[in-house]
Number of protein chains: 2
Amino acid sequence: VHGESNSQKFRELDQIFYPRSVAVVGVSMDEQKIGSRWMKGFLTDRFKGPVYGVNPSGGKVFDLDIYPNLRSIPGPVDLVVACIPRALVLDLLDDCAAKEIKAIQFFTAGFRETGDEEWAEFEHEMVRRAQRGRFRIVGPNCFGLYCPEHGVPYGPWIPSGKTGSVGYISQSGGHAGKMLEIGLTRGISFSKVVSMGNGSDLGSADYLEYLAADPKTGIIGMYLEGPPDSRRLFEAIKVASQKKPVVVWKGGNTEAGARATASHTGALASSGSVWSAALKQAGAVEAHNLDELADTILLLQNVGRLYKSNIGIVCGLIDGGGGEAVLTGDACASLGMNVPTFTEKTSKALLDLLGQVGSVLRNPVDISQRYGDPGILRQTMELMTADPHIDLLVVYENADILSRFLPADIVDELNTVIISFGLRRAKPVVVVLPPGSMETRRLEIESRLGRDGVPVYPSIDRAAKAIYNISRHSVHGSTATPQEQV
Amino acid sequence: VHGESNSQKFRELDQIFYPRSVAVVGVSMDEQKIGSRWMKGFLTDRFKGPVYGVNPSGGKVFDLDIYPNLRSIPGPVDLVVACIPRALVLDLLDDCAAKEIKAIQFFTAGFRETGDEEWAEFEHEMVRRAQRGRFRIVGPNCFGLYCPEHGVPYGPWIPSGKTGSVGYISQSGGHAGKMLEIGLTRGISFSKVVSMGNGSDLGSADYLEYLAADPKTGIIGMYLEGPPDSRRLFEAIKVASQKKPVVVWKGGNTEAGARATASHTGALASSGSVWSAALKQAGAVEAHNLDELADTILLLQNVGRLYKSNIGIVCGLIDGGGGEAVLTGDACASLGMNVPTFTEKTSKALLDLLGQVGSVLRNPVDISQRYGDPGILRQTMELMTADPHIDLLVVYENADILSRFLPADIVDELNTVIISFGLRRAKPVVVVLPPGSMETRRLEIESRLGRDGVPVYPSIDRAAKAIYNISRHSVHGSTATPQEQV
């Protein structure tokens with residue numbers, strides 16, 4: 001339940017993510033220039049409203065007239081995308097006020113992040129003009145908004161893709177784009193993304209409050225570079241974490257990293273350990289780099305929160321499972337994850353199924369003595385799923401070794417078995433596909449598993465860390481069941 | 001300089017890695033069975049000596065007569081490969097003695113590692129018979145030897161590949177095979193590999209002493225599962241580390257991992273922290289999983305030991321370099337690696353080259369304001385190479401983002417620039433190619449860089465850890481220069 005000012009604020013941000021019309025200021029007759037490419041991103045069937053290009057030189061692009069300025073556009077404009085030199089910014093803001101727009105996002109950079117006092121003051125002036133004009137600024141120094149449901153592209157970068165449940169707020173446009181790229185391969189789909197840049201007007205807390213209230217967003221990821229509005233942000237993280245999982249990666253925690261944040265978005269240095277403690281307190285999950293952020297979000301998207309996380313591991317889908325059993329057992333246990341022994345009943349059944357010679361029957365289970373038989377994998381996973389000691393299954397699949405020893409149809413059948421357990425959802429199934437010598441084949445398998453919602457990791461360490469992250473989270477976060485939340 | 005017994009021992013092992021003739025016991029007329037596939041691995045131009053198949057049923061395989069037993073083979077046999085049921089092992093050992101072989105390697109499993117006293121005793125008896133017969137046992141429960149120079153295949157797994165400088169001793173046949181698979185993609189080439197299995201006769205210390213003395217081996221990697229002969233092993237590691245880098249990964253350091261080692265190779269549990277301290281004392285490099293072992297070996301192979309490791313990072317080969325600068329700076333610094341600021345001269349030159357707006361000029365350097373220009377990358381790398389604060393260059397290349405924004409020939413030119421700095425060897429160059437949405441293209445670039453000896457990593461964390469590992473090592477290890485050693 002929101003108070004009036006909260007729902008008013010929600011509507012304000014909602015209008016920005018769902019603009020009815022768009023003007024790209026700084027297009028050119030050259031279709032390869034950044035402004036033109038940005039405009040092209042809106043010119044699809046997905047975006048239903050009018051799209052206007054603006055440049056004082058006029059002309060045409062994509063067979064559309066280019067308007068000399070914002071005021072000359074005939075209809076109303078909700079969102080302005082600005083790709084212009086910084087010296088022209090203040091005039092544009094005055095035009096925006098006259099045009100009664102809802103928001104402007106600036107790809108334009110060169111303000112606070114230069115470290116130059118004059119340009120920092122200029123950035124403040126931009127905000128003051130926007131406030132007077134009663135519209136909001138996204139950025140500056142950013143790629144801005146992405147809302148695939150509404151056909152809002154990620155700038156000139158990623159066209160509108162599949163709509164999903166992940167909301168993502170990033171102080172880096174590069175990391176937001178890379179997360180979208182990773183999502184394309186690994187099957188992470190987004191509700192809304194915002195590259196917030198310097199966040200001079202709308203900041204991380206504003207976007208977070210919006211995504212927390214957004215019914216289309218089930219999971220929230222954040223990349224931050226030490227925002228100045230920390231207290232309000234942590235309050236927002238706490239409130240959001242009661243409703244849906246929030247995963248936060250804070251960059252610039254070292255001297256070398258902080259040097260970069262200062263030049264990148266003008267963010268001030270802040271202590272990593274203070275952040276860690278505050279995030280834990282607020283009930284958020286902390287990630288430590290882009291891979292871990294993606295890994296954790298993928299698991300939340302595909303299996304939801306975990307309330308118990310005793311791991312059962314099956315390996316040796318082909319010869320060499322003994323070493324895999326050691327590697328996977330060590331990786332999980334060294335993070336403090338529980339890889340429990342099976343019940344006596346399960347152990348006996350595994351012995352009957354696999355035999356003792358050359359087998360590791362306890363947990364991890366090495367089925368390599370009976371490799372290449374999808375029925376054996378199915379029965380093993382059946383037994384593990386039924387074991388009350390086990391909450392979650394990890395399958396360690398060396399795709400290159402399988403492909404070297406077995407016909408492709410058998411490898412496909414083995415993956416069909418894995419997918420069937422994933423779809424059944426009796427217990428979550430996570431797959432590790434470590435890179436090796438047959439990468440094309442591995443990518444095919446990853447893509448197939450991903451399409452059916454089975455989360456895939458390139459190493460047991462990364463899988464284990466993601467499991468660890470979302471298990472810990474459940475202790476601090478909401479007590480609602482995963483089905484209710486994600 | 002070796003004493004007489006040392007050089008005698010060297011010759012003994014050398015004969016095993018370079019057998020003049022081979023018999024595979026347990027072939028079958030079915031060419032797909034494991035024994036036959038093993039035999040086929042020897043039947044190439046690379047292995048010059050005679051290859052015999054043995055099976056009591058006789059018949060033919062690969063157009064060659066199958067001999068009913070070892071004694072019936074007309075010529076001498078140096079190496080026997082055994083793929084037979086364990087119950088037949090003692091008779092075969094008696095035949096080996098009669099045939100005066102040099103060594104036998106057992107794919108056959110089901111001994112000590114079953115945890116069964118009777119079969120543990122049986123394994124002891126095997127060693128006693130081999131000693132009486134004056135030949136050695138490799139394994140049992142292993143894939144045994146790989147010596148590409150001499151055409152000895154990795155069992156039925158990997159045919160003889162490119163010969164290189166990396167020697168690898170693995171208590172897991174699976175991990176040895178996977179390391180060879182990884183090497184095929186990442187450009188790690190091997191002098192000799194041994195999957196030693198239970199190591200009941202020849203153990204890790206024996207192989208290590210041999211590889212330390214082997215002139216063809218420049219770097220030694222080891223995967224161990226808590227051998228019982230630790231004191232001798234640590235002495236061997238200490239001696240070997242004086243001569244060449246030794247990288248060791250010890251599995252089974254957690255309860256779950258140790259449970260697996262017991263069933264896998266019958267290894268006893270041992271403490272991870274005791275191992276870490278002992279490895280450090282012995283001057284070896286410790287790795288903590290297969291990826292880290294491969295990462296570290298790759299760097300040693302391609303750039304040699306590092307005596308100073310101040311890292312200069314270049315990123316933003318395309319838009320989005322600000323976030324990359326934060327990510328890479330944090331990853332290196334949080335491992336304790338130094339990412340120093342440049343000299344004033346370098347900083348000034350970078351400012352002239354790149355301009356201030358939207359740039360990160362300090363270190364990491366973000367060149368994204370001038371992206372897509374191979375000349376800019378060349379000049380940036382030139383300035384960094386000339387900077388006395390910098391010992392090693394890391395290039396962060398988001399191949400998918402480059403491929404999305406730039407024509408393929410420009411991406412190729414950028415990589416040509418990187419390779420030219422790698423080949424010049426003024427300062428080592430390491431490339432990070434993080435996975436994303438265009439994996440096929442990324443693999444092509446990785447393969448091209450790898451062919452020219454540029455080490456490639458999938459994440460900055462893994463690159464930084466490898467750099468950290470070989471930098472620390474130089475403190476403890478030999479004081480010889482890299483050129484003399486690797």
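Numbers restart at 1 for each chain; the letters A, B, ... are given by sequence-line order, proteins then strands. Because the structure is predicted, anything quoted here is derived from the model rather than measured.
Between B:R259 and A:N363, the shortest heavy-atom contact is NH2-O, 2.7 Å. Of all non-hydrogen atoms in B:D291 and A:S459, the two that sit nearest each other are OD2-CB, 3.8 Å. Here the closest heavy-atom approach between residue B:A256 and residue A:A333 is recorded as CB-CB, 4.1 Å. Counting all heavy atoms, side chain and backbone alike, B:L327 lies closest to A:W249 at CD1-CZ2, 3.6 Å.
Atom-to-atom distance recorded for B:I460:CD1 and A:L290:CG is 13.0 Å, nearest 0.5 angstrom. For the atom pair A:R37 CZ and B:F405 CZ, the distance stands at 5.5 Å (nearest 0.5 Å). Rounding to the nearest 0.5 Å places NE2 of B:H288 at 9.5 Å from OG of A:S334. In this structure, CG on A:L443 lies 6.5 Å from OG1 on B:T440, to the nearest 0.5 angstrom.
Interface remark: A:Y223 contributes side-chain atoms only to the contact with chain B (heavy atom separation under 4.5 Å). B:I401 touches chain A through backbone and side chain together, each having a heavy atom under 4.5 Å away. Looking at A:W119, neither its backbone nor its side chain comes within 4.5 Å of chain B, counting heavy atoms on both sides.
With hydrogens and angles left out, the side-chain atoms of B:D330 and A:T254 include a donor and acceptor closer than 3.5 Å.
Between B:R404 and A:E181, the closest side-chain pair of non-hydrogen atoms falls below 4.5 Å. Looking only at side-chain heavy atoms (C-beta outward), B:D461 and A:N289 come within less than 4.5 Å of each other.
Top candidate by heavy-atom pairs under 4.5 Å with chain B, chosen from A:I313, A:D116, A:D319, A:I182, is A:D319. Heavy-atom pairs under 4.5 Å with chain B were tallied for A:N338, A:V365, A:T341, A:L180; the largest tally goes to A:T341. The residue among B:T185, B:I318, B:L184 with the most heavy atom pairs within less than 4.5 Å of chain A is B:T185. Chain A forms more heavy-atom pairs under 4.5 Å with one residue of B:P156, B:G329, B:G323 than with any other, namely B:G323.
More than 12 heavy-atom neighbours from other residues, nucleotides or ligands sit within 6.0 angstrom of CD on B:E444.
Remark: the backbone N or O of B:P434 is paired with a side-chain donor or acceptor of A:K178 at under 3.5 angstrom.
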